[in-house]
**Q** 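The structure under discussion is supplied below as structure tokens; questions concerning it will follow.
Whatever order the structure lists them in is the order used to number ligands and atoms, beginning at 1.
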Amino acid sequence: MANPALSLLVLSVSALLFQGAWSATFTFLNKCHYAVWPGLLSGATSGQLPTTGFRLKTNTTRVIEAPSNWSGRMWARTHCGVDSSGKFSCATGDCGAQRQCNNAGGIPPVTLAEFTLQGADGKDFYDVSNVDGFNVPISITPVGKRGCSSTTCKANINSVCPRALQTKSPNGKVVGCKSACLAFGTDRYCCTGSYGNPNTCKPTVYSKVFKRACPQAYSYAYDDGTSTFTCVGANYLITFCP
Ligand SMILES: *[C@@H]1O[C@H](CO)[C@@H](O)[C@H](O)[C@H]1NC(C)=O
Ligand SMILES: *[C@@H]1O[C@H](CO)[C@@H](O)[C@H](O)[C@H]1NC(C)=O
């Protein structure tokens, strides 16, 4: 460009635009004593992330840049490997026998970290959810902003999982804990049909197992009061096995 003042202007405007479109970062930290494979699924109207799945070794982090209005969910896949026929799969959270999830969700039971960045009133909404069950403890910590709360499901719910909800690995270890909705599929447990609103869908003996272990996490679909957190303009640390 011939005019240096103009090129400077173009440069700063594009820097501004770039900042506007990509202003949040997610840092993933794996404190589990085993490798996990995070899976990332963007919402239908959200911008996309640069990756939808990767391996994260113990005690390592990975930083992902996100569009400032990103919404979607994240989870950990566990006990992943390649079988004798060369197929990659995971015992929990599998997203279709592939390393990148490519717009596939994780097969429940999975603990979810859910985000809507720049939602109502420009706020970021985030939560940890056991609505699709539990596989791995997860916490979300806003960074770079004062006064915003972390939320965590730190307990290993697999160790207190009722027998009827257990998901086991081939060697008999409990690797996941299903929600009652997933295990039994009834309207009462799924908050559907006549139970499809917050007045009729109440906690159950099963959802209470999750709530007792992880009071900050969603234990059933209408568990909003104690489970949704907000912040403005933060970056987020997602820790597996906090
Ligand atoms: C998010 O931002 C992108 C790029 O600016 C835009 O195309 C998309 O419509 C936005 N999505 C929402 C839900 O606002
Ligand atoms: C991970 O870090 C913890 C705490 O610093 C340490 O005790 C542990 O040995 C580390 N594990 C690995 C596999 O590096």
**Q** Taking the cut-offs as 6.0 angstrom to the six-membered ring centre and 45 degrees off its axis, would you call Arg99 and Phe54 a cation-pi pair?
**A**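 No - Arg99 does not lie over the ring of Phe54 by the 6.0 Å and 45° rule.
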**Q** Can you confirm whether the thiol sulfurs of Cys181 and Cys191 sit closer than 2.5 Å?
**A**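 In this structure, Cys181 and Cys191 share no disulfide.
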**Q** Does a side chain donor of either Asn135 or Thr78 reach within less than 3.5 Å of an acceptor in the other side chain?
**A**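 Their side chains do not contain a donor-acceptor pair, so the 3.5 Å distance test is not met.
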**Q** Under a 4.0 Å threshold between the charged nitrogen and the carboxylate oxygen, would Asp223 count as salt-bridged to Lys211?
**A**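 Salt bridge present between Lys211 and Asp223.
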**Q** In plain terms, say whether Asp124 and Lys145 are close enough for a salt bridge, that is, a side-chain N and a carboxylate O under 4.0 Å apart.
**A**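 Salt bridge flag = no for Lys145 with Asp124.
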**Q** Do you see a protein non-hydrogen atom under 4.0 Å from atom 14 (O) of ligand 2?
**A**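 Flag for atom 14 (O) of ligand 2 set to true, protein heavy atom closer than 4.0 Å.
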**Q** Quick check: does Thr58 get an N/O under 3.5 Å from an N/O on ligand 2?
**A**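 It does not: no N or O of Thr58 is found under 3.5 Å from an N or O of ligand 2.
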**Q** Does the protein place any heavy atom closer than 4.0 Å to atom 2 (O) of ligand 2?
**A**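 Answer yes: something from the protein, a heavy atom, is under 4.0 Å.
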**Q** Which is closest to atom 6 (C) of ligand 2 by heavy-atom distance: Thr60, Asn30, Asn59?
**A**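 It is Asn59 that holds the nearest heavy atom.
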**Q** Return a yes/no value: protein heavy atom under 4.0 Å from atom 8 (C) of ligand 2?
**A**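 Yes, there is one.
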